[in-house]
Amino acid sequence: MTGTQAVAAASTERGGHGPITTGRRLVGALAITQTIGYGVLYYAFAVFLTPIAADLHTSTTMVTGAATVSVLVAALAAVPVGRWLDRHGGRGLMTTGSILGTLALLAWSQVETVAALYAVFALIGLASAMVLYESAFAIIVARFTARGRPAALLAVTIVAGFASSIFLPLTGLLETRLCWRDALVVLAVIHGAGTIPLHAFALSRAEPRDRTEAGHPGSVARAVALRTALRDRGFWLLTAAFVAHSAAVAVIAVHLVTYLRTLGHPAAFAAAIAGLLGVLSVTGRLATTGLGRRYATATVTAVVFALQAVAVAVLPLVGQTRTGAAVCVVVFGLGFGVATIARPALLAERYDTAVYATLAGALALPATMAKAVTPLAAAVLYAATGTYTPVMVAVAVGSAVAGIGLFLLRPLAHRVVTSVSGWVGGR
């Protein structure tokens with residue numbers, strides 16, 4: 001079954017407004033908004049780092065701290081955002097988040113101090129929590145059946161996976177032709193025009209989830225479903241696995257180029273090899289989704305994480321050669337984006353989708369914190385030891401822990417749900 005066929009099938013099962021328009025419109029809208037959102041709210045920052053530091057008469061380290069603030073705020077907002085999504089759906093939340101993100105971008109273009117920059121990035125972090133993957137995945141989980149869900153998740157993440165390829169060069173061009181402030185105004189216009197209407201009109205109107213009519217869980221039933229999931233040992237194994245993996249991936253994303261240069265490779269080669277991670281992440285998602293049709297998602301993901309652990313563990317031994325470095329990076333890169341689609345798939349498989357967004361937020365909080373903190377911890381470890389070898393060992397251990405956690409995730413004879421699970425089919 002192709003992705004398009006799966007989306008159409010899922011739309012038909014939901015009842016919707018026809019097998020083509022409902023599924024394709026939703027997935028297409030989210031694919032576009034996620035691409036724009038990640039491109040403007042996340043990737044554009046790297047291009048503006050140096051000119052902002054020069055304009056504000058500060059160091060790039062101080063400016064980089066703004067990005068950390070954004071990630072931390074997004075992490076703290078994950079749980080309340082998840083609760084809102086479970087109760088009210090995503091249309092209003094994502095529309096409001098798109099407006100907030102657009103206004104924050106305009107405010108960013110006017111900052112004159114580091115304090116103002118940090119304040120703006122706190123708003124960007126909040127907007128990101130409202131409009132990026134976690135919210136988009138919650139809508140997909142709620143709207144699609146188990147059969148159509150993997151294809152819908154894959155379609156959104158494949159398109160959004162090219163956000164850096166589109167917006168890094170575009171942002172660089174705008175910054176060169178204009179200035180960083182005017183470039184941000186242009187990006188704000190693109191963000192507002194490309195996300196606000198789609199979130200407001202293309203997403204189906206969300207039904208309040210507090211309704212107690214047949215097929216809709218009330219707050220009490222939803223609370224029971226949530227407690228049941230949080231008491232399951234598997235949820236905490238999932239949390240440990242994805243926190244460990246988020247930490248490992250974050251360290252590689254930040255430090256790979258520098259590490260390859262310490263191994264004696266030229267800057268151009270190191271950057272080119274690191275640049276493969278984006279393309280490889282798409283390849284890995286395609287392969288994982290395909291294998292997931294024949295094998296358990298947890299097993300497939302665990303094997304991928306284990307291969308990543310082996311690749312990073314071997315890298316210090318064979319990375320001095322171009323072939324050795326390339327092979328290790330390719331193997332690690334194939335799993336670079338797998339967690340993005342495995343996490344929502346596993347949560348939706350195991351637990352009542354009526355509380356999916358709350359559970360996803362609870363899992364995202366420590367995972368995002370790890371993503372924010374571990375690159376700095378790796379830099380401290382490197383400075384203390386004078387070598388990247390212990391850093392790579394830590395990354396390998398993190399990947400191995402993630403794989404073991406998923407291997408220990410016992411398959412369920414039935415989903416960990418309560419009597420309210422049937423409400424999803426009525427949406």
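In this structure, the side chains of Trp180 and Trp108 come closer than 4.5 Å at one or more pairs of heavy atoms. The shortest distance between side-chain heavy atoms of Tyr118 and Met62 falls below 4.5 Å. With a 4.5 Å cut-off on side-chain heavy atoms, Pro266 and Arg322 count as touching. By the 4.5 Å heavy-atom criterion applied to side chains, Leu406 and Leu237 are not counted as neighbours. Side-chain contact check for Leu178 versus Val186: some heavy-atom pair is nearer than 4.5 Å. Taking 4.5 Å as the limit, every side-chain heavy atom of Val159 sits out of range of all side-chain heavy atoms of Gln34. Proximity of Tyr259 to Leu315: side-chain heavy atoms (C-beta onward) are separated by under 4.5 Å at one or more points. Taking 4.5 Å as the limit, every side-chain heavy atom of Thr33 sits out of range of all side-chain heavy atoms of Ser98.
Once rounded to the nearest 0.5 Å, the distance linking CD of Glu175 with CG of Leu184 reads 9.5 Å. Atom OG1 of Thr297 is separated from atom CG of Leu346 by 5.5 Å, given to the nearest 0.5 angstrom. Taken from NE2 in His255 to CG in Leu381, the straight-line distance is 9.5 Å, to the nearest 0.5 Å. Rounded to the nearest 0.5 angstrom, Cys328 SG and Leu307 CG are separated by 11.5 Å. For the atom pair OG1 of Thr102 and NE2 of His191, the computed distance is 5.0 Å after rounding to the nearest 0.5 Å. Atoms OG1 and CD1, from Thr340 and Ile158 in turn, are 12.0 Å apart once rounded to the nearest 0.5 Å.
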Start with the C-alpha distance between Leu117 and Glu112, add both sets of side-chain angles, then the distance that settles side chain to side chain contact (heavy atoms under 4.5 Å, CB included), and finish with yes or no.
CA-CA 8 Å; Leu117 181 68; Glu112 299 289 349; over 6 Å; no
Start with the C-alpha gap between Phe121 and Thr68, add the side-chain angles, then the distance that decides, and say whether side chain to side chain contact (heavy atoms under 4.5 Å, CB included) holds.
CA-CA 9 Å; Phe121 267 78; Thr68 302; over 6 Å; no
Where do Phe305 and Phe407 land on the side chain to side chain contact (heavy atoms under 4.5 Å, CB included) test, with the steps shown first?
CA-CA 10 Å; Phe305 290 173; Phe407 272 123; over 6 Å; no
Carefully, step by step, assess His265 and Phe269 under the rule ring pair (Phe, Tyr, Trp, His ring centres under 6.0 Å).
CA-CA 6 Å; His265 297 293; Phe269 174 79; 4.9 Å; yes
Side chain to side chain contact (heavy atoms under 4.5 Å, CB included) assessment of Arg233 paired with Leu408
CA-CA 10 Å; Arg233 170 177 170 268; Leu408 293 176; 4.3 Å; yes
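Shown here is Tyr42, whose OH atom has no more than 12 heavy atoms of other residues, nucleotides or ligands within 6.0 Å.
Using modelled atom types, no side-chain atom of Thr301 and backbone atom of Ala298 make a donor-acceptor pair closer than 3.5 Å. No side-chain donor-acceptor contact under 3.5 Å links Thr368 to the backbone of Leu365. With hydrogens and angles disregarded, no donor-acceptor distance shorter than 3.5 Å links the side chain of Arg343 to the backbone of Ala364. With Thr58 contributing its side chain and Ala53 its backbone, the two residues share no donor-acceptor pair below 3.5 Å. Proximity of a side-chain donor or acceptor of Thr113 to a complementary backbone N or O of Ala116 within less than 3.5 Å is detected. In this structure, Arg83 contributes its side chain and Thr358 its backbone to no donor-acceptor pair below 3.5 Å. Panel note: side chain His199, backbone Met94; a donor-acceptor pair is recorded below 3.5 Å. Under a 3.5 Å cut-off, the side chain of Thr157 and the backbone N or O of Leu154 do form a donor-acceptor pair.
Between Tyr382 and Tyr388, the ring planes are parallel. Angles under 30° get that label, and only those over 60° would be called perpendicular.
With hydrogens and angles left out, the side-chain atoms of Thr389 and Thr387 include a donor and acceptor closer than 3.5 Å. A side-chain N or O of Gln308 and one of His245 form a donor-acceptor pair less than 3.5 Å apart.
Taking each heavy atom of Gly97 and Met130 in turn, the nearest pair found is N-CE, 3.6 Å. Minimum heavy-atom separation, Val251 to Pro375: CG2-N, 4.2 Å. In terms of heavy-atom proximity, Val40 sits nearest to Ala44 at O-CB, 3.6 Å. The minimum heavy-atom distance linking Pro344 with Ala339 is given by the pair CD-O, 4.3 Å. Shown here for Phe48 and Thr171, the closest heavy-atom pair between the two residues is CZ-CG2, 3.3 Å. Nearest heavy-atom pair, Gly125 versus Val73, reported as atom, atom and distance to 0.1 Å: C-CG1, 4.0 Å.
You'll find the ring centres of Tyr356 and Phe137 outside the 6.0 Å limit. For an aromatic pair to be called close, the ring centres must be under 6.0 Å apart, and Tyr38 with Tyr133 satisfies this.
Checked options Leu41, Thr195, Thr95; the residue passing with Val131 is Leu41 (criterion: side-chain contact (heavy atoms from CB on, under 4.5 Å)).
Between Arg177 and Asp182 there is no salt bridge, since none of the side-chain N atoms of the basic residue sits less than 4.0 Å from a carboxylate O of the acidic one.
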